[in-house]
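To keep things clear, I will list the structure first and then write my remarks on it.
Keep in mind that this is a model prediction, so the values were computed, not measured. We use all heavy atoms of the structure for the numbers below, so side chains are in, but hydrogens, waters and symmetry mates are not. Order of appearance sets the numbers: ligands from 1, and atoms from 1 within every ligand.
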Amino acid sequence: MEGQFKPGSDFAKFLDNNDPLGYVRKRFYIKENCIYMCGNSLGLASKDSEETALKVLDKWKNEGVNIWNVDDNKYYMYSMHLAKLMTPIVGADHDEIAIVSATTVNIHQLISTFYKPTKDRYKILIDNINFPTDRYAIESQVRLKGYTPEEAIKVIECTDKYIEEDDVIAAMTEDVTIVFLPVVYYRTAQVLDTKKITEAAKERGILIGWDLCHAVGVLEMDFKSLDIDFAVWCTYKYLNGGPGSPAALYINRKHFNHQPGLAGWFGNLSETQFMLRQNFEHRKDAGGWQIGTPPLLSMGALEGSLKIFADVGMVAIRKKSLRITGYLIYLIDEKLTKFGFSVGNLREDSKRGGHVCLEHDEGYRISLAMKARGVIPDFRDPNVIRLAPTALYTSYEEVYNMVDIIIDIVKNETYKEFSVKRNLVV
Ligand SMILES: Cc1ncc(COP(=O)(O)O)c(C=O)c1O
Ligand SMILES: Nc1c(O)cccc1C(=O)C[C@H](N)C(=O)O
């Protein structure tokens, strides 16, 4: 990164003036006097989302129950409609994607679909630094099959903040039937080598599933060439779908013949769903893994935000994301390390997701002082301030100004005015 960037505010302005994605920012609602760095948790609202959300509301107002029939059954088939917009973001066919439920529910859905333990092969391989909901879901799934988590879950114990791909591969023993890992880690934004791990799993006859919550909308993904078995992701972080927007699941088409672990009437063939027969006729595409009635109002907001991705494209998004997070890391190295901060990310571009992991022993109180100054980060124990300058709506000048605010907070020790007691949501 040395040499690429310069320390002064003029340089931030120069980067903004030469930012090919600078024009996209005006599609979002950006609050005045606020530097939003939390797109890794909940992306900002866009005018596009507002328009499509209001459109769904309007259909409901005008059509009542007929909403399911208007516009060529668009809303009845809304998952498929949104899956088409998701296609270029993950590099899969649209019929391999369903927009449905929450990520955690989709993990239940896909593990219950693919977990077919035998006497010799019954272990699911995970790690101990992933966002914990994944493990909660998987533990309950093995219990449902009569195992204890200790028997059937093989955990790669990472002592540090990162996971080594070679440790993952070494743990792929003959008793493992599924590997399930995140593409990007929620604390340090480490990116795993999905190709290396997927190939190793396939060579050993192990099914491979990925959690893309922190990767989707940041990294270029190509499920087709990776040939993974299944995946899940949320849409409220970098995809800006809104609080509680529905999640997504991916099923490689070679698995369409599996029965869903959690079946429901929206997974029935569309042609016979409303014949309401007692026998379930499974739809042989990812839509067959839907369960119940889709939440149209929150899907409405997602439609608009996905249109922005369709317009901008993942190549340009990844390029800007790397540049703006790289710029932030440069400023941290130049200006913040002398105040006890360190960068928790791995240094290679290829190993960095969409956020910068800023570590400090007083990280929690500093994050509260930042919020009081109009900068919105989040905090993850024990010492991580997560900062996500996003490709679509963050300017380089905001990054520059944020670093100045942090310097002011630590120099004047204003963070000491805040309590160490954790808020309910941090
Ligand atoms: C890696 C990962 N998986 C799953 C989740 C949870 O997703 P949901 O709340 O949609 O179930 C999150 C964050 O919320 C996450 O970061
Ligand atoms: N899903 C969240 C929520 O409902 C409230 C607050 C934060 C979140 C998050 O996204 C947490 C997130 N997965 C994380 O990486 O910490």
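The residues lining ligand 1, counting any heavy atom closer than 4.0 Å, are Ala102, Thr103, Thr104, Asn130, Phe131, Thr133, Asp134, Asp211, Cys213, His214, Tyr236, Lys237.
For the pair Lys31 and Tyr36, the cation does not sit on the ring face, since its NZ or CZ is not both under 6.0 Å from the ring centre and inside 45° of the axis.
Asp19 contributes no side-chain N or O that, together with a main-chain N or O of Tyr396, makes up a donor-acceptor pair within less than 3.5 Å. A donor-acceptor pair under 3.5 Å links the side-chain atoms of Gln109 to the main chain of Leu262, judged by distance alone. Side-chain atoms of Arg365 come within 3.5 Å of backbone N or O of Phe418 as a donor-acceptor pair.
In this structure, the side chains of Pro389 and Glu398 stay at 4.5 Å or more apart for every pair of heavy atoms.
At most 12 non-hydrogen atoms from other residues, nucleotides or ligands lie less than 6.0 angstrom from CH2 of Trp60.
Among Phe266, Phe256, Trp289, the single residue meeting the ring-ring contact (aromatic ring centres under 6.0 Å, His included) criterion with His282 is Trp289.
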For ligand 2, run through the N/O pairs with the protein that fall under 3.5 Å and put one pair on each line.
from: ligand 2; atom 1: 1 (N); to: Tyr236; atom 2: OH; distance (Å): 3.0
from: ligand 2; atom 1: 10 (O); to: Lys237; atom 2: NZ; distance (Å): 2.6
from: ligand 2; atom 1: 13 (N); to: Lys237; atom 2: NZ; distance (Å): 2.7
from: ligand 2; atom 1: 15 (O); to: His214; atom 2: NE2; distance (Å): 2.7
from: ligand 2; atom 1: 15 (O); to: Arg386; atom 2: NH1; distance (Å): 2.8
from: ligand 2; atom 1: 15 (O); to: Arg386; atom 2: NH2; distance (Å): 3.4
from: ligand 2; atom 1: 16 (O); to: Arg380; atom 2: NE; distance (Å): 2.8
from: ligand 2; atom 1: 16 (O); to: Arg380; atom 2: NH2; distance (Å): 2.9
from: ligand 2; atom 1: 16 (O); to: Arg386; atom 2: NH1; distance (Å): 3.4
from: ligand 2; atom 1: 16 (O); to: Arg386; atom 2: NH2; distance (Å): 3.0

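Partners of Ser245 according to the side-chain hydrogen bond (donor to acceptor under 3.5 Å, both in side chains) rule, which considers only residues two or more places apart in sequence or in another chain, are Thr235. For Trp265, the ring pair (Phe, Tyr, Trp, His ring centres under 6.0 Å) test picks out Phe274, with sequence neighbours left out.
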